[in-house]
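Numbers restart at 1 for each chain; the letters A, B, ... are given by sequence-line order, proteins then strands. As the structure is a prediction and not an experimental result, all values here were calculated from the model.
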2 protein chains.
Amino acid sequence: MTVTGDWIDRLAEAKGTLARSSTAERVADVLRGHIMEGAMAPGARLSEEAIGAALGVSRNTLRESFRLLGHERLLVHEFHRGVFVARPGVEDVIDLYRVRRALELSALRGAERAPVEAVERVGAAVREGEEALRRSDWWGVGTANMHFHQAIAGLGGSPRIDEIMRQLLAELRLVFHVMAAPRDFHAPYLEHNRAIYELLRDGAPDAAADRLAEYLDVAERQLVDAFGRLDGSSAPGGEPE
Amino acid sequence: MTVTGDWIDRLAEAKGTLARSSTAERVADVLRGHIMEGAMAPGARLSEEAIGAALGVSRNTLRESFRLLGHERLLVHEFHRGVFVARPGVEDVIDLYRVRRALELSALRGAERAPVEAVERVGAAVREGEEALRRSDWWGVGTANMHFHQAIAGLGGSPRIDEIMRQLLAELRLVFHVMAAPRDFHAPYLEHNRAIYELLRDGAPDAAADRLAEYLDVAERQLVDAFGRLDGSSAPGGEPE
DNA sequence: TATTGAAGGATTGTTCAACAATTACCTCGA
DNA sequence: TCGAGGTAATTGTTGAACAATCCTTCAATA
């Protein structure tokens, strides 16, 4: 007899994690990790030959990885010059916050229709951050903060917005590396996160959005100021001339 | 004496178009054009050997082009199976409109601070569409409509939003190809465009945003209905099983 | 009849080696 | 100090080769 249970759908969901295999993508994963953890400084040049030899992949495959990361704006590719770790500047910070405002606020404002699981992902991120703070795990606090905003943007349930947001936050983590003292930058925002989550959970998404709007303004200004302080010494953004 | 006119900035702007030379990117441009004009039907497979021979580029270079277009969601890359022209489904239409709502409405709502040139780009797109309609140039009407929404999203002056929007609209044009009769789909929206532009120009951006919100709802429903009608015959979206 | 299993061919994934095009560096000379 | 020129190093692109995987076909079996 033909077995056609509905559990077959659950199998189909796992397909994505199964089919994920490609040397170029795995290499991109490795590089992405190194870049975001700061192992490669912003502005550093990535030699095809050196990295290809180090990772044991051919130049062609490595180039595919570079293209992937270039599209995520973690690497910039200059023709005939090579690929470099992106070095975001003040105008990038401003632009990143423009996009964040558009995506996060509109997701929050339309959150009456958000499913409970999506709201709970926000709560989980809040708790994740508080626990990391208790452990004085600053990197973990930053990661949790990213998860928080990812969850906010994910309230609308849009795969495309999720992906855009992932890229934005990865790029933003680069910004933190350019900054002087990113150590405890995130910590003060934890209580804001909790307040926003509770407003959201208690059915006041508009109030939550207003609160988040302030939040974003303050954070942006803080980053812009930090950039302004070190501007002139190394001209972090834009094309050098 | 050193000549330092301000025209040097205008030269710098042209740098982007000048430095743009890479076989992979040029190939991607060609393919993008063919896909968006419907020369290659959604779902069609792109053979590396055939296309490589036709365009006179090597497989490695062609693969780079495929990756570029894959990131724009015009092609989907299935491991060990090849690349296919994307075949958007209903859920893609819904998601595309989610992102459009977030980006276009928030750009419009914050348009008090938009520079005059940006607003005028919206007006130019409106007139472009009206002229195309007069010539019964349906493809031109569609293009002008894309320019209109691109200009709306561009009111905030964000390069990242501009790029996201470009991709979204390219993907949406693919959707129109999947539809049955895309011929005069855009025409009825021209007067909406004009109304929105005039509200915006006359300093009522919030009213313009409300109008655009309706607009998007109607257009989305129309597309979803069109998909529902042809659903079952060829199952345009998702993974085939 | 319908399903399974095993060749066989075709296509993609990846590597390697080579050469062309361009940039970076270094030296030389004024 | 500045510019010109030449050399070395790096990237851009190609072509061929082989491994891995998928699709098709066809026969075998229940």
Is there a salt bridge (Lys or Arg N to Asp or Glu O under 4.0 Å) between Arg160(A) and Asp92(B)? Walk through the geometry before answering. CA-CA 9 Å; Arg160(A) 281 168 182 77; Asp92(B) 291 299; 2.9 Å; yes

Treating Glu220(A) as the side-chain partner and Val93(A) as the backbone partner, does any N or O pair qualify as donor plus acceptor under 3.5 Å? no

Under-4.0 Å salt bridge between Glu49(B) and Arg59(B): no

For the pair Glu120(A) and Arg127(A), find out whether any cationic side-chain nitrogen is under 4.0 Å from an anionic carboxylate oxygen. yes

Test: Arg98(A) and Asp95(A) ion pair at under 4.0 Å: yes

Carboxylate-amine/guanidinium proximity below 4.0 Å for Glu72(A) and Arg166(A): no

Decide whether Ser106(A) and Arg101(A) meet the rule of one side-chain donor and one side-chain acceptor closer than 3.5 Å. no

What does the B/S/- profile of nucleotides 11-18 of chain C look like, 5' to 3', with a 4.0 Å heavy-atom cutoff to protein? SBBBBB-B

Between the opening five pairs and the closing five pairs of the helix from dT1(C)-dA30(D) to dA30(C)-dT1(D), how far apart are the helix axes, to 10°? 30°

